[in-house]
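Only one structure is covered here, and it is reproduced in the block below.
All values below were derived from every heavy atom in this structure, side-chain atoms included, with hydrogens, water molecules and symmetry-related copies excluded.
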Amino acid sequence: MKEDFFKYQAQTTPHPLALEISHAKGSYIYDIDGNAHLDFVAGVSACSLGHCHPAVIKAIEEQLQKYMHVMVYGEYVQKPTVEYTKLLASLLPAKLDTTYLVNSGTEAIEGALKLARRVTGRSQIISAEHAYHGSTMGSLSVMGFEERKKAFRPLIPDISFINFNNENDISKINKETAAVILETIQGGAGFITPNNDYLQKIRQRCDEVGALLILDEIQPGFGRTGKLFAFEHYDIAPDILVIGKGMASGLPVGAFIASNQMMACLKDKPKLGHITTFGGNPVIAAACLATLKVLLKEQHIKETLEKEKLFRSLLIHPSIKEIRGKGLMLALMLETTEIVNYLVLSAAKKKLILFWLLFEPKAVRISPPMTISNEEIRQGCEQIIKILNGYQSTTVN
């Protein structure tokens with residue numbers, strides 16, 4: 001199977017971890033030899049309710065018995081899709097009342113960028129240095145990391161960059177700006193949170209010059225930071241909200257959300273301003289709806305902040321210089337890239353799943369399922385400390 005994996009499936013790096021999977025349940029992924037691997041990554045923040053949550057499986061199975069794909073997005077009335085978008089609207093600020101469902105986070109970013117240019121009649125998009133919003137051409141254009149972009153240039157024009165949390169750059173937002181796009185918490189850069197009312201100041205500047213604010217909550221959304229959406233921590237609301245990853249507990253999905261008035265621009269002049277065949281798929285919408293209902297009914301969002309405190313209390317070590325992030329979106333900042341690689345690869349051998357971040361080589365991702373137990377957190381953290389102690393021993397010797 002591994003030979004076929006490398007031969008027939010396109011790869012994203014020269015050295016994938018290549019763990020051969022049998023099944024997954026709860027906080028564990030099982031390999032073909034029956035070994036249980038404690039998952040501190042959750043499919044890169046996608047498996048909000050862990051693996052194969054029974055409520056999500058039930059919703060998927062029930063919808064499968066009714067119908068799957070029946071028509072391109074936006075033509076037929078499909079119950080799970082309508083119920084889901086209605087529930088989302090009830091939980092968001094009034095101006096975020098209409099959802100366009102797509103197939104991934106990066107596709108949602110593409111739709112949001114198009115919508116901003118269509119609504120404002122302007123072309124300039126301002127993004128942040130070290131930002132990551134996906135890998136398709138529009139999303140790549142607003143990525144703030146040249147090393148990943150230069151091989152694919154030319155990209156879409158009229159993109160400018162500011163530094164996240166740098167108030168001096170806010171004045172670069174002007175009356176030619178269609179939109180400012182920011183991650184509410186910068187992910188690939190090292191789980192950097194906004195400080196000193198930064199997002200409020202961005203919001204105020206956008207209002208002053210008539211620019212739209214797009215917030216990318218693909219990773220921090222759906223309770224991962226202790227609020228349903230991370231922007232709720234900062235007393236602002238975007239004009240366009242982009243979501244994905246944790247929406248469906250592991251199925252591929254994304255969406256962008258705006259006012260009904262704004263979203264209407266995509267259906268006329270020209271018609272079919274944004275289209276998708278499989279967006280709003282009823283099976284995936286059923287999984288989204290089940291996921292959201294569980295998050296609202298149970299205590300997982302509230303418990304996220306308590307679990308963050310537990311992680312922070314347990315992960316104390318000379319090699320850990322800082323723990324960035326919020327809730328269960330955490331990054332261990334280590335002394336060197338060598339320690340990072342040692343920790344991730346040694347943990348894999350010890351059957352603990354950790355992972356790297358995109359742009360910050362001294363960071364280790366910790367983004368477990370929100371359903372992870374305190375005991376599982378303790379077990380994983382104990383293993384991390386043991387590995388770091390082992391690294392120190394090898395360097396001393």
Side-chain angles (χ1 to χ4, degrees), residues 10 12 44 72-74 96 98-162 164 172-174 176-189 202 206 211-221 238-245 247 252-259 262-267 269-280 358-359:
T12 57
V44 188
V72 295
Y73 183 80
L96 297 173
T98 302
T99 297
Y100 197 121
L101 289 161
V102 290
N103 306 285
S104 67
T106 192
E107 186 185 343
I109 292 291
E110 300 285 342
L113 296 176
K114 288 173 64 178
L115 180 61
R117 284 183 165 179
R118 175 68 178 82
V119 168
T120 63
R122 304 173 182 178
S123 62
Q124 184 193 57
I125 305 291
I126 293 180
S127 184
E129 297 289 354
H130 307 298
Y132 178 76
H133 299 286
S135 290
T136 49
M137 291 301 280
S139 300
L140 192 65
S141 301
V142 293
M143 178 194 289
F145 197 67
E146 183 60 25
E147 181 184 324
R148 302 279 176 87
K149 297 164 62 171
K150 60 186 178 182
F152 305 102
R153 288 190 177 279
L155 301 173
I156 68 170
D158 215 358
I159 307 295
S160 301
F161 290 87
I162 58 177
F164 194 80
K172 295 179 181 179
I173 305 166
N174 57 45
E176 296 179 356
T177 306
V180 178
I181 180 168
L182 297 172
E183 300 158 275
T184 310
I185 296 175
Q186 280 202 308
I202 291 285
C206 286
L212 301 181
L213 175 58
I214 303 170
L215 285 184
D216 177 345
E217 295 245 359
I218 293 168
Q219 188 162 189
D239 299 294
I240 305 173
L241 177 65
V242 183
I243 54 178
K245 283 193 185 294
M247 289 171 66
V253 68
F256 57 106
I257 307 173
S259 69
M262 285 175 56
M263 207 68 86
C265 293
L266 296 179
K267 68 181 181 182
K269 298 178 183 179
K271 294 179 180 177
L272 306 176
H274 193 72
I275 55 176
T276 170
T277 297
F278 291 111
L358 282 173
F359 308 143

Note to self: Minimum heavy-atom separation for Gln124 and Ile126, please, with both atom names.
What the structure shows: OE1-CD1, 3.8 Å
Margin query: So, taking the atom named CD in Glu217 and the one named CE in Met247, what distance separates them when rounded to the nearest 0.5 Å?
Written below: 12.5 Å
Next item on the list: For Ser141 and Met137, indicate whether the former's side chain and the latter's backbone hold a donor-acceptor pair under 3.5 Å.
Entry: yes
Item checked: Residue pairs, two or more places apart or on separate chains, that pass ring-ring contact (aromatic ring centres under 6.0 Å, His included) and touch residues 99-127 -> Tyr73-Tyr100, Tyr100-Phe256, Tyr100-His274
Next item on the list: Take Met262 and Ile240 through the test side-chain contact (heavy atoms from CB on, under 4.5 Å) and record every step on the way to the result.
Entry: CA-CA 9 Å; Met262 285 175 56; Ile240 305 173; 3.8 Å; yes
Check: Hey, is NZ on Lys149 packed in by over 12 heavy atoms from elsewhere, all under 6.0 Å?
Finding: yes
Note to self: As an exercise, state the distance from CD of Gln186 to CG of Asp216, rounded to the nearest 0.5 Å.
What the structure shows: 10.5 Å
Next item on the list: Check whether any side-chain N or O of Lys245 sits under 3.5 Å from a backbone N or O of Gly105 as a donor-acceptor pair, and report yes or no.
Entry: no
Next item on the list: Taking all non-hydrogen atoms of both residues into account, name the closest pair between Thr106 and Gly134 and its distance.
Entry: OG1-CA, 3.5 Å
Margin query: Could you report the tightest heavy-atom contact between Ala112 and Ile214, atom names first, then the distance?
Written below: O-CD1, 3.9 Å
Check: How close do Val180 and Ile202 get, heavy atom to heavy atom, and via which atoms?
Finding: CG1-CG2, 4.3 Å
Check: Going from OG1 on Thr136 to CD1 on Ile156, what distance comes out if it is rounded to the nearest 0.5 angstrom?
Finding: 9.5 Å
Checklist line | Min side-chain heavy-atom separation Ile257-Pro238 under 4.5 Å | finding: no
Check: So do the side chains of Arg117 and Asp158 get within less than 4.5 Å of each other, counting heavy atoms only?
Finding: yes
Check: In Å, rounded to the nearest 0.5 Å, how long is the span from CD1 of Ile173 to CG of Leu213?
Finding: 8.5 Å
Check: Is there a side-chain contact between His130 and Glu183 (heavy atoms, below 4.5 Å)?
Finding: no
Next item on the list: Could you tell me which non-hydrogen atom of Ala178 sits nearest to which non-hydrogen atom of Ile125, and how far apart they are?
Entry: CB-CD1, 4.2 Å
Margin query: Testing Ile181, Val142, Leu113 one by one against Ile159 for a side-chain contact (heavy atoms from CB on, under 4.5 Å), which residue passes?
Written below: Val142
Notebook entry, point to check: What distance do His133 atom NE2 and Ile109 atom CD1 have between them, rounded to the nearest 0.5 Å?
Noted result: 6.0 Å
Checklist line | Flag side-chain contact, heavy atom, 4.5 Å: Leu358 against Arg148 | finding: yes
Check: For the residue pair Thr276 and Asn103, what are the closest heavy atoms and their distance?
Finding: OG1-ND2, 3.1 Å
Check: Rounded to the nearest 0.5 Å, how far does OG1 of Thr120 lie from CD of Glu176?
Finding: 11.5 Å
